[in-house]
Amino acid sequence: MTIDADARTLPGERVAHYDLLGRRDTDYYAVFADIPDADRAVWDTAKAFADEVGTRMQGEWDAASYPIDLVKRMGELELFTDGIEHDELPYTSPLAAGLVNMEISRHDGSLATALAVQGGLALRTLAFYGSPEQQQRWLKPLADGTVLGAFALTEPDHGSDSVSLETTATLTADGWSLSGTKKWIGNGASGGITFVWARVDNEGGDDHGKVRCFLVEQDTPGYVGTVITGKVSLRGIHQAHIAMDDVRLPADAVLPGTHTFKDASVVLFATRSGVAWSALGHATACYEIARTYATERMQFGKPLAKFQMVQERLAQMLDELTAMQLYCRRLADLESSGGLRPTQASLAKYHNTRAARRVAAIARDLLGGNGILLENGVMQHMADIEAIHTYEGTESVQALLLGRDITGMSAFV
């Protein structure tokens, strides 16, 4: 017996095919009905890009292949600026940046992670802390995607405990020497530049023990980035294990605006909002797929949507989704006013990634056996949600940050 590889059916088998991946723009409370025209235009650009990509990312995800051309295309469309205010960058409001993140995530989590790494982490680090000379050389190439950027903070032994980083930067006669390892670094082996956070090892010097950031071109001798294999989440972006052994850098490789770990935290706090938006995008896709499937799938002589249990599950998903939308809209309003506190971003991430997991689980179950097929979308989103639930601070870390803010007492020490 043979299988038709294109149709994924047995010869003679009749299978219903469902258009499950189309955009429905669910907005039950009209949370995004009144957004300004300029923000809507940016959102529409992201939608057009998603339509341009089509279903290609399912194949890339399945093959664990990283489509660099699509990352560069996002740069061409000016989707990387992520609410960063800088004279040399086109301004995108926090709301527009959030909507872009939501839309790309609704389409594919790997591209959304590339968006977060390139714009939210690498470009933001350079814009916040880079010297005029560093910005003159690298800001535009990062913004337009012609050079890929990485943000290297996490280490094999220091994830949540990243403040204890062991990578060292040692002053030399003509600059710096970096040694250490980093892990889970998006774009870290893609041939661009990496912003490496390291602790200064300068016994007796003023900077000894301080945490600073260094701009490292990935072809610098001693820098070795290896793509991490075996992932079952975010398979369409390459993340790297980086080994650095006496990587020699000029004196001006250090970003002059960085002096402590708090500088890295400022970048992470800013991108934490993006994770909340990303979770919303994934959950939106799962809900819309499940709702469409329920209206088209016939069982026992009627659509699944006519069964009480199915309607109740759809209501549960809509409940979660609407709350996520309200969190994100308020988050953007606070950020635009300059009143967003880091723990407010933590609460949004904490709520939204947890809620996205619940929505994805219900959608997977509602699709039955078809829910595990890559072509139907939910399983890919479900796997990718597991990654965003962890990165930019795990659920437990967010809870402890909130707990410290609520009680005034730290559980970290």
Side-chain angles (χ1 to χ4, degrees), residues 75 78 80-92 97 115-154 162-163 165 167-180 182 185-188 190-202 205-223 225 242 244 246-271 338:
E78 298 184 343
F80 287 140
T81 52
D82 196 47
I84 302 168
E85 294 188 56
H86 192 282
D87 291 342
E88 300 301 319
L89 298 175
Y91 178 66
T92 302
L115 178 81
V117 170
Q118 184 79 10
L121 293 173
L123 184 62
R124 178 173 271 105
T125 298
L126 181 61
F128 280 13
Y129 302 125
S131 68
E133 294 77 17
Q134 289 167 338
Q135 293 184 10
Q136 176 66 31
R137 181 176 180 186
W138 298 108
L139 202 68
K140 189 176 185 300
L142 284 177
D144 63 22
T146 54
V147 170
L148 296 184
F151 179 93
L153 176 64
T154 302
S162 55
V163 70
L165 80 170
T167 298
T168 60
T170 304
L171 276 170
T172 65
D174 55 357
W176 297 90
S177 171
L178 292 188
S179 293
K182 300 291 183 178
I185 310 305
N187 286 341
S190 300
I193 61 176
T194 301
F195 294 96
V196 177
W197 294 85
R199 192 173 301 280
V200 175
D201 181 15
N202 182 26
D206 293 339
D207 280 351
H208 181 69
K210 289 185 177 180
V211 173
R212 307 206 68 182
C213 185
F214 298 82
L215 195 160
V216 182
E217 297 182 50
Q218 292 178 14
D219 60 359
T220 304
Y223 179 104
I242 298 171
M244 292 169 288
D246 191 22
V247 176
R248 295 298 180 117
L249 302 173
D252 60 2
V254 65
L255 274 65
T258 61
H259 299 282
T260 72
F261 184 79
K262 289 183 179 179
D263 298 319
S265 297
V266 169
V267 176
L268 296 175
F269 290 150
T271 56

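- Using a 4.5 Å heavy-atom cutoff, the side chains of Leu115 and Phe80 are in contact.
- Heavy-atom minimum distance, Ala122 versus Phe195: O-CE1, 3.5 Å.
- Between the side chains of Asp246 and Ser177, a donor-acceptor pair is found at a separation under 3.5 Å.
- Residues Tyr91 and Glu85 have side chains in contact (heavy-atom distance under 4.5 Å, counting atoms from C-beta outward).
- At distances below 3.5 Å, not a single donor-acceptor pair connects side-chain atoms of Thr258 with backbone N or O atoms of Val254.
- Taking each heavy atom of Ala152 and Ile242 in turn, the nearest pair found is CB-CD1, 4.4 Å.
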**Report entry** Full working for side chain to side chain contact (heavy atoms under 4.5 Å, CB included) between Leu123 and Leu89
**Finding:** CA-CA 10 Å; Leu123 184 62; Leu89 298 175; 4.1 Å; yes
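- Residues Tyr223 and Leu178 have side chains not in contact (no heavy-atom distance under 4.5 Å, counting atoms from C-beta outward).
- In this structure the side chain of Phe214 never reaches within 4.5 angstrom of the side chain of Leu255, judged on heavy atoms.
- Contact annotation: the side chain of Asp252 never approaches that of Glu133 to less than 4.5 Å [non-hydrogen atoms, C-beta and beyond].
- Judged purely by atom type and a 3.5 angstrom limit, Ser265 uses its side chain to pair as donor or acceptor with the backbone of Phe261.
- Using a 4.5 Å cut-off on side-chain heavy atoms (C-beta onward), Met244 and Lys182 make contact.
- Two residues are said to be in side-chain contact when any heavy atoms from C-beta on lie closer than 4.5 Å; Leu126 and Gln135 meet this criterion.
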Requested in this report: Go through the steps for Glu88 and Arg137 under the test salt bridge (charged side-chain N to carboxylate O under 4.0 Å, His left out), then give the verdict.
Outcome: CA-CA 12 Å; Glu88 300 301 319; Arg137 181 176 180 186; over 6 Å; no
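- Atom CG of Leu142 and atom CG of Asn187 lie 9.5 Å apart (nearest 0.5 Å).
- Here the closest heavy-atom approach between residue Thr172 and residue Arg248 is recorded as CG2-NH1, 3.7 Å.
- For the pair Lys210 (side chain) and His259 (backbone), a donor-acceptor distance under 3.5 Å is absent.
- Leu268 is listed as a side-chain neighbour of Leu153, based on a closest heavy-atom distance under 4.5 Å.
- Panel note: side chain Thr260, backbone Lys262; a donor-acceptor pair is recorded below 3.5 Å.
- For Lys140, the salt bridge (Lys or Arg N to Asp or Glu O under 4.0 Å) partners are Asp144, not counting sequence neighbours.
- Proximity of a side-chain donor or acceptor of Arg199 to a complementary backbone N or O of Val211 within less than 3.5 Å is not detected.
- Between atom CD of residue Gln218 and atom OG of residue Ser190 there is a gap of 6.5 Å, rounded to the nearest 0.5 Å.
- Thr170 meets the side chain to side chain donor-acceptor pair (under 3.5 Å) test with no other residue; sequence neighbours excluded.
- Taking the ring pair (Phe, Tyr, Trp, His ring centres under 6.0 Å) definition, one finds that Phe269 meets it with nothing, sequence neighbours left out.
- Of all the heavy atoms in Gln118 and Val147, the pair that sits closest is NE2-O, 2.8 Å.
- By the 6.0 Å contact criterion, CG on Asp87 is open, its count of non-hydrogen atoms from other residues, nucleotides or ligands being 12 or less.
- For Phe151, the ring pair (Phe, Tyr, Trp, His ring centres under 6.0 Å) partners two or more places apart in sequence, or in a different chain, are Trp197.
- Among all heavy-atom pairs drawn from Pro256 and Gln134, the shortest one is CD-OE1, 3.7 Å.
- Closest approach of Val216 to Thr220, counting heavy atoms only: CG1-OG1, 4.2 Å.
- The side chain to side chain donor-acceptor pair (under 3.5 Å) test applied to Ser179 returns no partner, not counting sequence neighbours.
- With Glu78 contributing its side chain and Thr92 its backbone, the two residues share no donor-acceptor pair below 3.5 Å.
- The stretch residues 116-130 participates, sequence neighbours left out, in these salt bridge (Lys or Arg N to Asp or Glu O under 4.0 Å) pairs: Asp82-Arg124.
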Report task. Carefully, step by step, assess Leu249 and Leu215 under the rule side chain to side chain contact (heavy atoms under 4.5 Å, CB included). Result -> CA-CA 9 Å; Leu249 302 173; Leu215 195 160; over 6 Å; no
